[in-house]
There are 2 protein chains.
Amino acid sequence: MSLKFGVLGLLKGEPLHGYEVKNRFEAMLGGTWEVNIGQIYTTLQRLERDGLVRPIGRRGDRGKLQYELSPEGHKALDQWLAQPDSGPQQLHEDIYVKLLLATRIANGDLKGLLARQKRAYLQRLRDLNRLEERARRDGRVDLARLVRGALLHTEADLKWMDELSSERFGAEEGARTE
Amino acid sequence: MSLKFGVLGLLKGEPLHGYEVKNRFEAMLGGTWEVNIGQIYTTLQRLERDGLVRPIGRRGDRGKLQYELSPEGHKALDQWLAQPDSGPQQLHEDIYVKLLLATRIANGDLKGLLARQKRAYLQRLRDLNRLEERARRDGRVDLARLVRGALLHTEADLKWMDELSSERFGAEEGARTE
DNA sequence: CGGGTCATACATACTCGGCATACATACTGA
DNA sequence: TCAGTATGTATGCCGAGTATGTATGACCCG
């Protein structure tokens, strides 16, 4: 979804062809999201199929094909932007399943898992701090805001790991699901 | 990934057939992850193709086909469990792209977006609190731990929204990426 | 100067995994 | 007999990655 509407949002400004869309998108994300070029083109094709976007003129320079937003595209973009991400929080990330399995498998080494995961989060925190600093240095206030959100997430994860580590783990806890 | 290894983890305990895998998996997640039945079967087929799982005996009762872990499956599962989720934090969620676009599109109504999103997070918070309570009532300590993590995430999101809302948004900030 | 090589801009095709819908079929209990 | 549940297959979309192809311009070397 984010890529699809990210592309729409970029095309709102001015018509672009695929390759340029990729560059703008990655620039907008400040290098935190490297998009596969193939995906850009399939995304554009789907957008065209759904009538949100349409090709402009004939193929130019070297096969370049520019796209522009259709009126429906404008509408879809505005709606998406106006709508908050709601719905229940998805628990689909690996860490959740790992915790559950480590709990119910006999020698799951839950404490080790937590310790390793905590280290990974600390590393992530360092990376994000560097990234935020760079964004500010580059005057990318918008990007720094994103990184700030990611930082808060990772801090939450760390806090979580700490809480869990300080629990006493009983032997026969939880795992009754039959 | 989580589904694939979740299935492996369930099969570590005892051989199961697809339908039963689905039930156990959803029970393990306490209803927070409804898996599509088709996906279970394709996952099992891929696991079999990759030699991590193998069918047991002939088809039983009503076409039931049980699977058990192969030695390679055991190894793969243990490795996955031992490995923390590392790598950089992905900024692929809708909210990030929405923020960027709302910033750079002229009348992006950033403040409105933040307010709406905050309301959505508050709702999520309520749902998670109910869920945690239920998990504890059911003696599902393992599940309550997960929900606790999700709660911390959502709290972080709220904090983020508050920070952003109290910023003063300049007109010509950020959006220089050419 | 001319030709080879290399990078870059630009695009397509193919593949795989996640995920959902829809369908088929057997059993089971009211 | 009918509803529901148990169990499975087929099909298709979307996200994402790999591989390939073709121009064009730059750069180097004899």
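Order of the sequence lines fixes the chain letters, A, B, ..., with proteins taken first and strands second; residue numbering starts at 1 for each chain. Because only heavy atoms are used, hydrogens play no part in the values below, and waters and symmetry mates are left out as well, while side chains stay in.
Between the side chains of A/Asn129 and A/Glu133, no donor N or O sits under 3.5 Å from an acceptor N or O.
Heavy-atom minimum distance, A/Gly18 versus A/Ile40: O-CG2, 3.6 Å. Residues B/Thr43 and B/Lys4 share a closest heavy-atom pair of CG2-CA, 3.9 Å. B/Lys98 and B/Leu113 get closest at one heavy-atom pair: O-CD2, 3.9 Å. The two atoms that bring A/Ala150 and B/Leu91 nearest to each other are CB-CD2, 3.8 Å, heavy atoms only. Pairing each heavy atom of B/Val53 with each of B/Ser70, the nearest pair is N-OG, 3.9 Å.
Atom OH of A/Tyr67 and atom P of C/dC10 are 14 Å apart (whole Å). Between the P atom of C/dC23 and the OH atom of B/Tyr41 lies a distance of 18 Å, rounded to the nearest Å. Distance CG (B/Leu44) to C1' (C/dG18): 14 Å, rounded to an integer number of Å. Regarding A/Gln66, its CD atom lies at a distance of 14 Å from the C1' atom of C/dA9, rounded to whole Å. In this structure, A/Leu16 atom CG and C/dC10 atom P are separated by 11 Å, rounded to whole Å. Residue B/Leu65 contributes atom CG, which lies 17 Å from atom P of C/dA26 at whole-angstrom precision. Summarising the geometry, the separation between OH on A/Tyr19 and P on C/dT12 is reported as 14 Å, rounded to the nearest angstrom. In this structure, the CD atom of A/Gln90 is 13 Å from the C1' atom of C/dA20, given to the nearest Å.
Ring planes of B/His92 and A/Trp33: parallel class, angle under 30° (limits at 30 and 60°). Relative ring orientation between B/Trp80 and B/Phe5 is described as parallel, the plane-to-plane angle staying below 30° on a 0-90° scale split at 30° and 60°.
Distance CD/A/Glu72 to NE2/A/His74: 11.0 Å, rounded to 0.5 Å.
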If the sugar-phosphate is the primed atoms plus P, OP1 and OP2 and the base is the rest, what is the B/S/- string for nucleotides 10-20 of chain D, using protein heavy atoms under 4.0 Å?
----BBBBB--
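Overall, the helix from C/dC1-D/dG30 to C/dA30-D/dT1 carries an axis bend of 10° between its ends, with five pairs at each end and the value rounded to 10°.
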